[in-house]
There are 2 protein chains.
Amino acid sequence: MEVSLYEVGPRDGLQNEKEIIPTSLKTELIERLVSSGLKKIETTSFVHPKWIPQLADASDVLHQIKRKNGIVYSALVPNMRGLERALESGLTEIAVFMSASETHNKKNINKSIAETYPVLREVVEAALAKNIKVRGYVSTAFGCPYEGEVSPAAVIQVTEELLRMGVYEVSIGDTIGVGHPRQVKEAFTALIGQCGAERIAGHFHDTRGMGLANVYAALEAGVRTFDSSIGGLGGCPYAPGASGNISTEDVTYMLHAMGITTGVNLNELVKTGEFMEQVLGRPLPSKVLAAMKSKQKGGENENEYTGC
Amino acid sequence: MEVSLYEVGPRDGLQNEKEIIPTSLKTELIERLVSSGLKKIETTSFVHPKWIPQLADASDVLHQIKRKNGIVYSALVPNMRGLERALESGLTEIAVFMSASETHNKKNINKSIAETYPVLREVVEAALAKNIKVRGYVSTAFGCPYEGEVSPAAVIQVTEELLRMGVYEVSIGDTIGVGHPRQVKEAFTALIGQCGAERIAGHFHDTRGMGLANVYAALEAGVRTFDSSIGGLGGCPYAPGASGNISTEDVTYMLHAMGITTGVNLNELVKTGEFMEQVLGRPLPSKVLAAMKSKQKGGENENEYTGC
């Protein structure tokens with residue numbers, strides 16, 4: 001079996017960092033991720049710098065990366081103005097986003113779900129007209145910080161609307177890390193039954209330690225694409241231990257252990273995770289990073305056992 | 001559905017701490033765990049203090065706890081000398097242990113697996129003669145630091161031998177945290193088919209972040225008893241982030257979210273985790289502890305959503 005990993009650390013991770021990372025280190029991170037075998041990377045966001053100053057250098061990052069053939073470099077785009085900036089950066093793929101819950105969508109985008117559709121439709125149609133692929137994100141798909149549990153029906157409705165616009169894949173996000181394996185298995189079984197496995201990706205946060213349990217439950221439901229973040233970057237830098245996205249190292253370790261191929265070199269990934277720890281000056285949440293970095297002796301040793 | 005949690009923090013957790021915790025704080029921890037709704041607690045170990053000085057006060061701990069009716073207070077016992085000390089402490093349950101892999105058993109117990117059986121049989125028979133229940137542990141059941149992957153056949157052989165001695169339940173331990181969900185589901189399905197679900201418990205370590213994924217996989221295989229440790233105590237204090245047992249808070253949160261009852265009060269558990277963080281002077285690995293402790297406003301708020 002093969003699973004595709006979509007690396008979101010440079011965007012979903014770095015947008016949550018207190019400090020602003022120098023552009024040159026962001027491009028080095030992206031190039032190291034590519035060297036680790038990752039084929040799809042969300043590099044930055046064209047949300048207005050007023051909202052996310054950490055990613056104000058989006059255009060510079062994209063102009064300074066040494067791009068490699070066959071690699072998808074994507075970026076988040078909220079509206080037409082963001083799309084214009086993305087087009088100037090020579091992107092071949094972008095991502096649009098909205099929430100499955102009204103209140104979170106309103107607080108995040110300042111529009112109701114119904115008001116959001118035409119805004120995203122305009123972006124998607126303009127991008128497709130320029131032969132740019134568009135990915136979709138549905139946030140708070142399992143729980144909303146304001147409304148509590150979110151129903152699969154609400155998620156399916158938003159997902160189908162995005163697919164009708166021409167989005168090629170929708171990433172279903174457990175934004176606040178409250179989804180549990182039973183809920184995840186049920187929701188993805190329904191989503192895949194309705195939309196097809198090739199159109200659905202899983203985006204989990206490890207805020208309550210259920211990240212990999214949810215990946216396993218989603219795998220059982222037929223999901224074959226997962227978003228993850230190097231080192232488990234992201235989450236809340238103000239809440240120690242409260243991590244963000246599932247770590248690319250951890251999900252890669254688990255998939256490889258289960259005999260699933262990803263095309264990723266775990267040892268290179270761990271070195272990239274160590275690089276980010278040096279850049280940020282703190283340990284990152286990834287457990288595999290913590291377990292393997294001290295063991296690295298070079299060479300393929302991802303199956304090495306440690307007594308700890 | 002109901003799941004039983006076996007708290008091993010005071011033993012499996014504290015035996016891995018650099019510093020030695022004062023006896024009064026150990027007894028306070030045990031009493032707080034009981035107040036949190038946990039019914040079965042492994043309080044300490046009667047392994048010779050030369051090997052585990054952190055638990056040299058085993059007898060004092062057991063004499064100083066204010067015991068409550070209906071609560072199982074257990075302790076680890078390696079041999080007849082340990083059993084004598086356990087008997088003096090008025091225990092009603094003990095636990096014996098060995099490994100599923102020859103090399104780890106040899107390094108841990110200094111005997112081959114075959115040489116270990118008669119030693120444990122003598123302890124089990126002497127305990128049963130005193131109406132003391134005996135639990136069994138099988139270590140390195142999924143991977144050995146010296147031999148690599150361990151076969152289900154080897155685990156079943158040791159497990160059946162322990163059950164034949166008169167052990168009422170065998171806890172199958174992923175000592176070094178390398179087991180993955182597919183392996184766990186296959187191994188527990190085989191074990192339960194051979195020995196019965198009521199005789200098998202799951203003991204997972206979160207060293208590589210797969211702890212809760214393995215709990216979910218074991219639940220699917222029919223396991224209904226899991227060992228866990230308050231805060232995720234244990235593991236390697238010298239390797240930051242490399243955690244030990246799965247955290248009692250995290251597994252409780254996931255089980256409750258899935259509609260499974262445990263009898264545990266998660267808010268009390270989180271307060272107990274915070275108490276241990278204060279005792280040790282560092283944050284513990286539990287993700288739910290990190291996510292909930294800052295949110296505690298008293299009252300039942302385990303379903304509160306956080307924006308992080």
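Below, each value reflects all heavy atoms present in this structure, side chains not excepted, and no hydrogens, waters or symmetry copies. So that the names make sense, note that chain A is the first sequence line, chain B the second, and so on, each numbered from 1. Being a predicted model, the structure only gives us computed values, none of them experimental.
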Between CE of A:M254 and CG of B:N214, what distance do you get to the nearest 0.5 Å? 8.5 Å

Taking side chain as C-beta onward, heavy atoms only, is A:Y253 less than 4.5 Å from B:M210? yes

Top contributor to chain B contacts, counting heavy-atom pairs under 4.5 Å, from A:G211, A:G179, A:P181, A:A213: A:P181

Find the distance between CE (A:M292) and CZ (B:R208) and round it off to the nearest 0.5 Å. 8.5 Å

Contact part of B:E220 toward chain A, heavy-atom cut-off under 4.5 Å: side chain, backbone, both or neither? side chain

Which of the residues B:M258, B:E249, B:H104 is involved in the greatest number of heavy-atom pairs with chain A at under 4.5 angstrom? B:M258

For the NE2 atom of A:H180 and the CD1 atom of B:I260, what is their distance to the nearest 0.5 Å? 9.5 Å

Cut-off 4.5 Å, heavy atoms of chain A, and the answer for B:K185 is side chain

For a quick test of reading the model, state the closest non-hydrogen atom pair linking B:K287 to A:G209 and the distance between them. CB-N, 3.5 Å

